[in-house]
Number of protein chains: 2
Amino acid sequence: MRVTKQRNLILDIVNNSKDHLSAEEIHKESLKSIKNISLGTVYRNLNNLVNENLIKKIKFEEFDRYDQINIKHNHMFCTKCHKIIDIFEDIKISLKNKFGKINDYEINFKGICNDCLEKEKE
Amino acid sequence: MRVTKQRNLILDIVNNSKDHLSAEEIHKESLKSIKNISLGTVYRNLNNLVNENLIKKIKFEEFDRYDQINIKHNHMFCTKCHKIIDIFEDIKISLKNKFGKINDYEINFKGICNDCLEKEKE
DNA sequence: ACTATTATTAGTAATCATTACTAATAAGGA
DNA sequence: TCCTTATTAGTAATGATTACTAATAATAGT
């Protein structure tokens, strides 16, 4: 595995974004630094970074989105505006592990975010 | 919204399956009863049934899968054989609901199922 | 039950996120 | 610095899903 400027850039973009960017958005952003970086390169590197556990893929609705691996956290998907919100609250779950070897879990919430609730009041 | 034999058949197939079928698999199964049911009809009805909360869509890897709405439960995805396993154990989570109006949540586990663990031993 | 309305269907074409392919490029070890 | 080969840019292909259209069938009103 080689270190390339494309790979570093993509990792940087994901790690420095507060949103949960799609591959398309990451490509658009990376074009600002490397004017001819290709969409295929973005997809390939995103997959590599996910496999190496450097970033995380989020599958809610629509297309996939990518998130940094900092503090373990979960997400809420707003069914109105399709925004994904970080939930950093510590949620403890206990489970008798009889299903196999569980390596990871994530809790996905769905609902209506505060912004949309405000708009509904108007 | 009208009751059609196509719609009923699709709902029946999802509700009577122990697996988590894909749209393609549901189409193949429904062809046994309605010899010329189209794939588009299957997709359209699946979406309708999800919107009416009669079935549930599961988004792990690959394509989407569909599951019945019986007892509230969660899923584990085996990263080896790509099987989806039901987890009916009651998992309590507590969360200060300050993110909006949460309507639903699901806990998605990833790991290696017992079948695959057995095979690894050999 | 008959008819009119219109939602739903079968069949097919289009879309669009993602992956595959290929020749050119560049990372990094010798 | 050179050589090997992983990675890239650019583009074509794939494949799940959605859109479109004329034909069909469900249901409300008579």
Side-chain angles (χ1 to χ4, degrees), chain A residues 1-14 17 19-67 75 77 79 82-84 108, chain B residues 1-14 17 19-52 54-67 75 77 79 82-84:
Chain A
M1 190 255 301
R2 290 176 181 175
V3 176
T4 65
K5 60 175 195 260
Q6 290 87 348
R7 177 191 154 96
N8 283 339
L9 174 61
I10 291 162
L11 181 55
D12 258 28
I13 289 172
V14 174
S17 169
D19 300 324
H20 305 83
L21 302 175
S22 65
E24 194 72 44
E25 290 168 333
I26 292 165
H27 181 229
K28 193 181 284 183
E29 186 64 26
S30 62
L31 281 170
K32 293 177 184 171
S33 300
I34 302 176
K35 65 186 176 311
N36 67 334
I37 191 170
S38 80
L39 184 56
T41 297
V42 171
Y43 270 106
R44 189 171 6 83
N45 277 293
L46 285 172
N47 282 339
N48 292 343
L49 292 167
V50 167
N51 289 335
E52 293 159 33
N53 245 290
L54 292 172
I55 61 173
K56 211 165 163 28
K57 187 189 276 195
I58 308 175
K59 296 176 81 72
F60 261 108
E61 310 289 322
E62 307 164 311
F63 28 74
D64 298 342
R65 296 179 170 280
Y66 296 87
D67 196 11
H75 297 103
F77 178 77
T79 51
H82 290 203
K83 183 163 50 190
I84 293 176
N108 295 330
Chain B
M1 191 256 302
R2 290 176 181 176
V3 176
T4 66
K5 60 174 194 263
Q6 290 87 345
R7 177 190 153 96
N8 282 340
L9 175 61
I10 291 163
L11 182 55
D12 258 28
I13 288 172
V14 174
S17 169
D19 300 323
H20 305 83
L21 302 175
S22 64
E24 194 73 45
E25 289 168 333
I26 292 165
H27 181 229
K28 192 183 284 183
E29 186 65 27
S30 63
L31 282 171
K32 293 177 185 172
S33 299
I34 302 176
K35 66 187 175 311
N36 68 334
I37 191 170
S38 80
L39 185 57
T41 297
V42 171
Y43 271 106
R44 188 170 6 84
N45 275 293
L46 284 171
N47 282 340
N48 291 343
L49 291 167
V50 167
N51 289 336
E52 292 159 32
L54 292 171
I55 62 173
K56 208 163 161 35
K57 187 188 278 196
I58 308 176
K59 295 175 83 70
F60 261 107
E61 309 291 323
E62 306 165 310
F63 29 75
D64 297 343
R65 297 180 168 279
Y66 296 87
D67 196 10
H75 296 105
F77 177 77
T79 50
H82 290 201
K83 183 165 48 192
I84 293 175

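Remark: P of D:dA16 and NZ of A:Lys59 are 13 Å apart, rounded to the nearest angstrom. One can place CG of A:Leu46 at 15 Å from C1' of D:dT8, the figure rounded to the nearest angstrom. As rounded to whole Å, 11 Å separates atom P of D:dT17 from atom CD of B:Glu25. Nucleotide C:dT8 holds its P atom 13 Å from the CG atom of B:Asn8, rounded to whole Å. Rounding to whole angstrom units, CG of residue A:Leu9 and C1' of D:dA9 are separated by 15 Å. The nearest whole Å value for the distance from the CG atom in B:Asn45 to the C1' atom in C:dA7 is 12 Å. One can place NE2 of B:His27 at 13 Å from C1' of C:dT12, the figure rounded to the nearest angstrom. The nearest whole Å value for the distance from the CG atom in A:Asn36 to the C1' atom in D:dT11 is 14 Å.
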Could you write nucleotides 17-30 of chain C as a row of B, S and -, 5' to 3', where a protein heavy atom under 4.0 Å of any base atom gives B, of only sugar-phosphate atoms gives S, and otherwise -?
-> SBB------BBS--
Might you work through the side-chain contact (heavy atoms from CB on, under 4.5 Å) test for B:Phe60 and B:His75, ending with a clear yes or no?
-> CA-CA 9 Å; B:Phe60 261 107; B:His75 296 105; 3.6 Å; yes
Is there a side-chain contact (heavy atoms from CB on, under 4.5 Å) between B:Val14 and B:Leu49 once you walk through the steps?
-> CA-CA 10 Å; B:Val14 174; B:Leu49 291 167; 5.9 Å; no
Could you walk me through whether B:Val50 and B:Tyr66 pass the side-chain contact (heavy atoms from CB on, under 4.5 Å) check?
-> CA-CA 9 Å; B:Val50 167; B:Tyr66 296 87; 3.9 Å; yes
Steps toward side-chain contact (heavy atoms from CB on, under 4.5 Å) verdict (A:Glu24, A:Leu39) = CA-CA 7 Å; A:Glu24 194 72 44; A:Leu39 184 56; 4.2 Å; yes
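Side chain of A:Ser30 to main chain of A:Ile26: a donor-acceptor pair is present (N/O by atom type, distance under 3.5 Å, no hydrogens or angles). Side-chain atoms of B:His27 do not come within 3.5 Å of backbone N or O of B:Tyr43 as any donor-acceptor pair.
Annotation: of the two residues near DNA chain D, A:Lys35 and A:Asn48, the 5′-most nearest-nucleotide partner is A:Asn48.
For B:Val42 against B:Ala23, the heavy-atom pair with the smallest separation is CG1-O, 3.8 Å.
In this model, the phosphate group of C:dG11 is not approached by any side-chain N or O of B:Ser38 to a distance below 4.0 Å at OP1 or OP2.
Side chains of A:Leu54 and A:Arg7 form a contact here, defined as non-hydrogen atoms less than 4.5 Å apart. Side-chain contact check for B:Arg65 versus B:Glu25: some heavy-atom pair is nearer than 4.5 Å.
At its two ends the helix from C:dA1-D:dT30 to C:dA30-D:dT1 runs along axes set 50° apart, each axis drawn from five pairs and the angle rounded to 10°.
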